[in-house]
Structure formats: C-alpha cells, structure tokens
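These notes are about the structure you will find just below.
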Amino acid sequence: MNCNEAKPLLNPLCDGELDTKDAALILEHIKSCLDCQSEWTELEKLRDRFKEARSKSQPDRDYSKRISQALKREDSAQPSSRGARFTARIIVAAACVMGMSLLVSYMVPRNSDTQVATTSPAIASLIEARQEAPQSAANADSLSSITGYDLKLIRIPNWQVATFGALNLNSGGKIARMDFVNATSASSATSPSPATSASPPSSTAIRAASSPERLCCYQALQGSIKMDTLATACESRSLGGKTVHLGTYKDSTFALWSQNKRDYLLVSSLPMPALESLVCTICDGKDGNTSDKL
Amino acid sequence: MWFGSRRKEFERLTLPYASALFGFAYWRLASREDAEDAVQEAYLRAYRSFHTFQAGSNVKAWLIKILINVINDSLSKRKHHALLVPLEDCEEFENRDAQEQPGPEQSLIDKEFDPELLVALQQMPSTMVHPLLLREIEEMSYQEIAESLGVPVGTVMSRLFRARQLLRELLSKSQLEESSETQMPRKASSAQSTDKDSTPGARRIP
C-alpha cells in the first residue's frame with residue numbers, strides 16, 4: 001500500500017469504519033511512512049480533543065425532566081393538533097351518523113307510523129294550553145299531514161268531537177288535539193231534547209246545563225309526552241288493561257296512557273272519579289254509558 | 001389518558017438521546033442556553049409530528065434531522081439580529097480595542113471548555129460541521145450520518161475528510177495568532193467566515 005491509497009482511508013480508520021484486514025494494511029504502511037504517520041498523529045490528536053469536548057458538554061442533570069415538563073405543557077396547552085385530530089374524527093363520524101339519520105327520516109313517508117315526533121312536550125305545558133284554540137284541520141287526513149303522524153279517532157260515549165286540530169309547541173313541533181264536548185250537556189245547554197228531559201238529569205248534566213262540559217284529548221306518538229315535574233303528583237292505576245297515570249294540575253284533572261302506539265292525554269275539569277270512568281271506557285273499548293252514570 | 005400514554009411512549013423512545021442532542025447543539029451554537037432551547041424546541045416539534053414517525057426506524061436520526069432544522073432556524077435569526085445591530089457591534093468592537101478587554105460575547109466563549117475548538121467550529125460551513133459533529137460528538141456511524149443528513153455514505157466520507165482538514169487549518173491559524181499576541185500587544189480581530197455557508201453568528205477568534 002502506498003500513500004495515495006492509504007491517505008483517503010486514514011479518516012475511516014480513525015472512525016473505526018474499516019474492516020480488520022484493511023486496517024492492518026494501513027497501520028503497517030503508517031509504520032514505514034513518516035508523512036502518513038504525521039497525518040495519523042494529527043487525526044488522533046483531534047479525536048482525543050473531541051473526546052474531551054464530548055465529556056465536557058453535558059446538559060444539566062434535570063434537563064430530561066425539563067423536556068418532559070415542556071412536553072406535558074404542550075399536551076395541556078394544545079389539545080388541538082394531535083388530540084383534536086382524534087376528537088375531530090369522532091365529531092365528523094358523529095355528524096355523519098346524524099346526517100344519515102336525518103336523511104333516513106326525510107326518506108320515510110310523512111304519514112308513516114314509524115316517524116318519530118320531533119316534539120317532547122311536558123304534561124304541564126299541555127294542560128296550560130288547554131284554553132288555547134288549536135289550529136283547526138278540515139279532516140283527520142289533513143291533521144295527520146300537519147302533525148306528521150296518523151291520527152287515531154277516539155270514540156267516547158256521549159261525547160262528541162267539537163274541534164280537532166294541531167297545537168303549536170314551544171319546541172317548534174305540533175301535537176294533535178281533539179276537543180270533545182259532552183253531548184248531553186251541550187244539547188241541554190242549547191235546546192233540551194225530549195229524551196234528556198224525560199230522564200232524571202245526572203250531576204254532570206246539571207253542571208253542564210249552564211256551560212257544556214269540555215274535554216281535551218292530546219294525541220302523540222308513544223313516548224312523546226313527558227311526565228316531567230308532574231310525575232310525582234301522579235297516581236298510576238290499571239284501567240281497562242292499561243297503565244294510566246292520573247293526577248291533578250291547577251284546576252284540571254288529567255290522565256295519560258299509551259295505546260295503539262300513541263300517547264293519549266286527557267285534560268278536563270271533571271272530578272277524578274269521572275275521569276277515571278271515562279278513561280276506562282276508552283281503554284277497554286266498551287261502549288258503556290259511563291257518562292250517563294256521572 | 002390518551003395524551004398521557006402517547007407522551008409516555010414518545011418520552012420512552014426519545015429522552016435517552018437528550019444528552020447527546022444537547023452536545024451536538026452546543027458545539028454547533030456555542031451557547032449552552034441556545035443549545036438547551038434548540039433541543040427542547042426539537043423535542044416539541046418531534047412530538048407534534050410523532051404520528052409521522054415510523055415504528056422501527058432510527059429514532060436518533062429522526063431527532064437529529066429535526067434538531068438540525070431548529071438549529072438552522074436559530075442561526076438564521078442570529079443572522080437577522082446581527083444585521084439589525086451592526087452599529088452597536090462596531091461600537092462594542094471599538095470600545096473593546098480601546099480598553100483591551102474582551103466583549104461580553106467573547107467572555108462567554110472564553111469561559112467555555114476549549115474555546116478555540118468552539119470558535120473554529122463556528123467558522124465552518126454546516127455541510128462540513130454537521131457530519132463532523134455527528135461523528136465526533138454523537139459517535140454515529142457513517143451509515144447513520146448519511147441517514148440523518150439524507151446524503152450517500154460516500155458523501156459523508158468526503159465531507160468528513162475535508163472537514164477535518166479545514167478544522168486543523170483553523171486551529172493552526174488560531175494557535176499562530178495566539179502565539180503572536182503573546183509577543184505583541186493584544187489586538188482583537190473579528191472572526192471572518194471562510195465560507196458563504198458558514199455560521200451567521202460567527203464569533204471572533206481569540
């Protein structure tokens with residue numbers, strides 16, 4: 001090996017990058033070459049100088065801890081970048097699910113039973129809205145189109161449907177309502193029929209003689225009407241095979257139950273026993289003369 | 001909880017190299033404070049892009065790449081800073097001449113271990129000083145240096161060869177000037193870059 005071959009390899013030799021065979025050849029050359037020997041000595045000096053420098057350039061003992069604290073601060077200060085990328089993915093996924101749900105709800109026919117009412121009115125607000133006139137509908141079909149669900153007609157013996165329509169809710173939706181009037185009291189209040197005058201008048205009929213008895217019946221998809229704060233003031237009873245929640249609120253009595261995939265809420269000024277009898281005739285489907293017994 | 005475990009994993013992989021990274025930054029920036037800041041910034045940058053790190057790849061090489069970018073940014077700021085205050089520098093230089101006292105910057109370097117080596121390294125271009133420091137301070141193999149700098153191994157070899165030659169020249173020059181200063185009254189001289197790519201914040205040769 002000559003100097004031209006050896007000199008370029010002195011650096012790799014110094015850095016330990018040569019294999020044993022090449023290293024031995026160069027070291028053999030250095031022994032006999034003063035020029036390369038001088039070069040090698042200089043490289044060794046520099047290497048020793050850096051070795052010393054390396055040992056003297058250490059950070060403080062707690063440097064790693066400080067970096068660790070900085071990383072912790074990074075996490076707490078910027079939950080956005082990395083973490084929020086993860087959060088954003090969850091939000092986007094949730095938004096997609098919600099979007100799909102909305103799409104599906106629009107694709108479902110408006111009059112289908114499967115449509116979920118967008119309203120969840122509380123009993124108290126419905127009772128208080130008793131005096132409000134609902135948005136009248138020409139017929140049951142048009143009412144169904146307003147509310148978004150099919151309307152079930154209720155037949156209550158001796159009670160006639162006076163109006164039916166939809167009531168606007170604060171939450172933005174609509175709920176179907178039928179207003180009944182006691183046929184007996186209504187007829188006696190206007191022009192007493194011979195049949196009515198022939199039989200002894202009931203107490204209800206006597207009260208209704210001056211003003212016809214009225215009954216509000218709200219109807220919504222099952223699970224829509226919330227018991228809300230009145231839940232504790234309610235008594236649950238089994239009437240006609242259905243669990244009926246009965247209670248009073250202000251000067252009204254009310255009854256809430258579910259039947260035929262609907263929630264029904266009856267609001268009246270009837271005494272509780274009278275309301276119970278009325279609900280019983282509706283629930284068991286009997287065409288009794290409950291009203292007449294009042 | 002999720003952030004915590006992620007951070008722990010990052011720390012487990014990277015913190016063992018903190019000391020080595022500091023050494024590289026120190027000999028490149030010639031300031032303990034700047035080196036600490038640079039390494040910490042490199043760790044934060046690395047943590048922010050931890051999701052891009054491929055498991056199984058060389059952690060140290062990945063960190064070095066990021067640290068070199070941080071150091072380049074830091075040196076660039078120094079350059080701008082120097083451009084903004086050239087007059088003050090001149091005044092300081094003149095005053096030091098008159099009082100025969102080193103300036104505050106020079107005083108700091110003089111307190112460091114082997115200031116001649118520190119100053120000489122500052123005068124070298126980054127293309128040479130980076131492979132040299134990775135080899136001598138980080139004790140990385142040629143292959144690792146090539147990976148960190150994104151150059152072939154052959155380039156690493158040639159750059160190391162030239163870097164050592166240049167460093168020896170600079171140290172010899174420094175030694176000559178020092179010996180002449182002992183015979184003549186002390187006269188400050190400003191550090192002149194030998195290369196366009198040299199450190200913008202170059203220090204004065206003692």
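In what follows, chains carry the letters A, B, and so on, assigned in the order in which the sequence lines appear, proteins first and then strands, with residues in each chain numbered from 1. Not measured: the values here are computed from a predicted model.
Of the atoms belonging to A20(B), not a single heavy atom falls under 4.5 Å from chain A. Residue contact with chain B, scored on non-hydrogen atoms closer than 4.5 Å, involves the backbone and the side chain of Q58(A) alike. Heavy atoms of E11(B) lying under 4.5 Å from chain A belong exclusively to its side chain. Both the backbone and the side chain of L71(A) come within contact range of chain B, with heavy atoms under 4.5 Å apart.
The candidate with the highest count of non-hydrogen atom pairs below 4.5 Å against chain B, out of C14(A), A53(A), A70(A), is A53(A). Highest contact tally toward chain B, considering only S57(A), G16(A), P59(A), P12(A), is held by P59(A) [criterion: heavy-atom pairs under 4.5 Å]. Of the listed residues (L167(B), L160(B), T14(B)), the one with the most heavy-atom contacts under 4.5 Å to chain A is L167(B). Between chain A and the residues Q40(B), E139(B), E138(B), the most heavy-atom pairs under 4.5 angstrom are made by E139(B).
For H130(B) and F24(B), the gap between ring centers is short of 6.0 Å.
Here E44(A) pairs with R47(A) in a salt bridge; the nearest charged N to carboxylate O distance falls below 4.0 Å. A salt bridge is absent between R164(B) and E39(A): the closest approach of a Lys/Arg side-chain nitrogen to an acidic carboxylate oxygen does not fall below 4.0 angstrom. For the pair R7(B) and E74(A), the salt-bridge criterion is not met [side-chain N within less than 4.0 Å of a carboxylate O]. Salt bridge K173(B)/E169(B): absent, no basic N to carboxylate O contact under 4.0 Å.
Using cut-offs of 30° and 60° for the angle between ring planes, the F10(B) and Y43(B) rings count as perpendicular.
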